[in-house]
Amino acid sequence: MKIGIFDSGVGGLTVLKAIRKHYPNVDIVYLGDTARVPYGTKSKDTVIRYSLECAEFLREKGVELLVVACNTASSYALEVLRSRFEFPVFGVIEPGVEEAVKKTKNRKVGVIGTPATIKSEAYQKLLKFFGNEVVAKACPLFVPLVEEGILNGEIAKKIVEHYLSEFKDSGIDTLILGCTHYPLLKPVIQEFLGSVEVVDSSEAVSRSLKDFIKNEGEGKTELFFTDLYQNLDFLIELILGKKITPKLAEVEIY
Ligand code: DGL
């Protein structure tokens, strides 16, 4: 089976890694829209347009199922993608929320993400639908921090403290990492928040696919990016733990 995964950039490789761990035989085509990253600061209409173009690229590659690894694209574009494409389209919001709902005992859940994801209220609405109180916050510096490879140490700790201090007194017992890059900061976040359950939506999404993915194929991984920028090889290895040569994707820009 051939599945497609797209993200605004490299962060979605955290989702690819989790999916690959659970389904070693599927063939995966990944597209990172590195020429137009970040999506997290853009408007809804732009995120939808970019998402449609990414999905079209993967359709042309013959994927039979699509995972929108990007939380921002999942927040804004999922319905449009589902109405435009014939293959099943999965996002990261629902699995992350389901996992948090299973874990929370006091029904007070935090969510962090890009400014666009938080503004869309996609996580907040679903969490509230399931009867939870929600504390949400955008953490815009986490993405560049990860892209710089700063995953621990004083700088990472200070920035985590800067954004997450308010969660300490908020009474939440569960926090959703609502952005592709944040799982890489999970150890620092977990250390800062102590006993709070930290939900990594990349793990949650790969588990949510179990009834839809046939673990059959050659286990091939192809990585396409709309720009092969200089930090790319470093980030691929940082996230996947191994080297894979990226290929240039020519996505039709409308
Ligand atoms: N992939 C984005 C997300 O998960 C983070 C990076 C961006 O802003 O594009 O929301």
Side-chain angles (χ1 to χ4, degrees), residues 4-19 30-55 58 66-78 81 89-97 99-100 110-124 126 136-151 159 163 175-186 189 198-206 208 223-227 229 231-232 235-236 238-240 249 251:
I5 303 175
F6 85 81
D7 178 42
S8 54
V10 280
L13 293 174
T14 56
V15 176
L16 185 152
K17 190 177 181 190
I19 291 177
Y30 178 94
L31 174 65
D33 195 2
T34 40
R36 301 187 289 191
V37 73
Y39 284 13
T41 51
K42 299 208 165 67
S43 68
K44 179 176 179 176
D45 286 351
T46 299
V47 172
I48 290 176
R49 184 159 54 87
Y50 290 177
S51 300
L52 286 169
E53 289 161 4
C54 289
L58 291 167
L66 177 67
V67 178
V68 182
C70 179
N71 288 254
T72 307
S74 292
S75 300
Y76 280 137
L78 214 55
L81 289 168
V89 180
F90 294 85
V92 286
I93 313 282
E94 288 160 31
V97 168
E99 187 76 7
V111 59
I112 54 176
T114 64
T117 297
I118 299 304
K119 183 163 180 271
S120 79
E121 301 215 331
Y123 276 109
Q124 295 94 310
L126 206 53
K137 190 168 172 78
C139 304
L141 285 180
F142 283 2
V143 168
L145 196 65
V146 169
E147 302 247 332
E148 277 299 310
I150 303 173
L151 308 182
I159 295 176
Y163 286 121
L175 177 78
I176 300 176
L177 303 181
C179 175
T180 47
H181 289 61
Y182 300 179
L184 288 143
L185 292 169
K186 190 174 175 185
I189 293 172
V198 178
V199 173
D200 171 346
S201 45
S202 63
E203 267 299 320
V205 72
S206 76
S208 78
L223 304 184
F224 288 94
F225 294 91
T226 50
D227 181 47
Y229 67 113
N231 235 8
L232 199 53
L235 288 165
I236 292 169
L238 177 78
I239 298 173
L240 296 182
V251 169

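Counting starts at 1 for both ligands and their atoms, following the listed order.
- The parts of T180 lying near ligand 1 are both backbone and side chain, judged by heavy-atom distances below 4.0 Å.
- The ligand atoms of ligand 1 that sit less than 4.0 angstrom from a heavy atom of G40 are 7 (C), 8 (O), 9 (O).
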Practice problem: Apply side-chain hydrogen bond (donor to acceptor under 3.5 Å, both in side chains) to the pair S43 and D45, showing each step before the final yes or no. | Solution: CA-CA 6 Å; S43 68; D45 286 351; 5.7 Å; no

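- Considering P38, P140, G11, C70 only, the shortest heavy-atom separation from atom 2 (C) of ligand 1 involves C70.
- E53 has a carboxylate O that lies under 4.0 Å from a charged side-chain N of R36, or vice versa, which qualifies the two as a salt bridge.
- Atoms of ligand 1 found under 4.0 Å from any heavy atom of C179, numbered from 1 in the order shown, are 3 (C), 4 (O), 5 (C).
- Listed by chain and residue number, E166 satisfy the salt bridge (Lys or Arg N to Asp or Glu O under 4.0 Å) test with K137 (two or more places apart in sequence, or in another chain).
- Here is the list of ligand 1 atoms found below 4.0 Å of a heavy atom in D7: 1 (N).
- Between Y30 and F225, the ring planes are tilted. Angles from 30° to 60° get that label.
- None of L177, I176, T180, T114 except one satisfies the side chain to side chain contact (heavy atoms under 4.5 Å, CB included) rule with N71; the exception is T180.
- Polar contact with ligand 1: absent for H181 (N/O pair, distance under 3.5 Å).
- Near V37, with a cut-off below 4.0 Å to any heavy atom, the atoms of ligand 1 are 9 (O).
- Counting atoms of ligand 1 from 1 in the listed order, those under 4.0 Å from a heavy atom of T72 are 3 (C), 10 (O).
- Taking the six-membered ring where tryptophan is involved, the planes of Y39 and Y50 are tilted, since the angle between them lies from 30° to 60°.
- A heavy-atom distance below 4.5 Å is not found between the side chains of K42 and Y76.
- Near S8, with a cut-off below 4.0 Å to any heavy atom, the atoms of ligand 1 are 1 (N), 2 (C), 6 (C), 7 (C), 9 (O).
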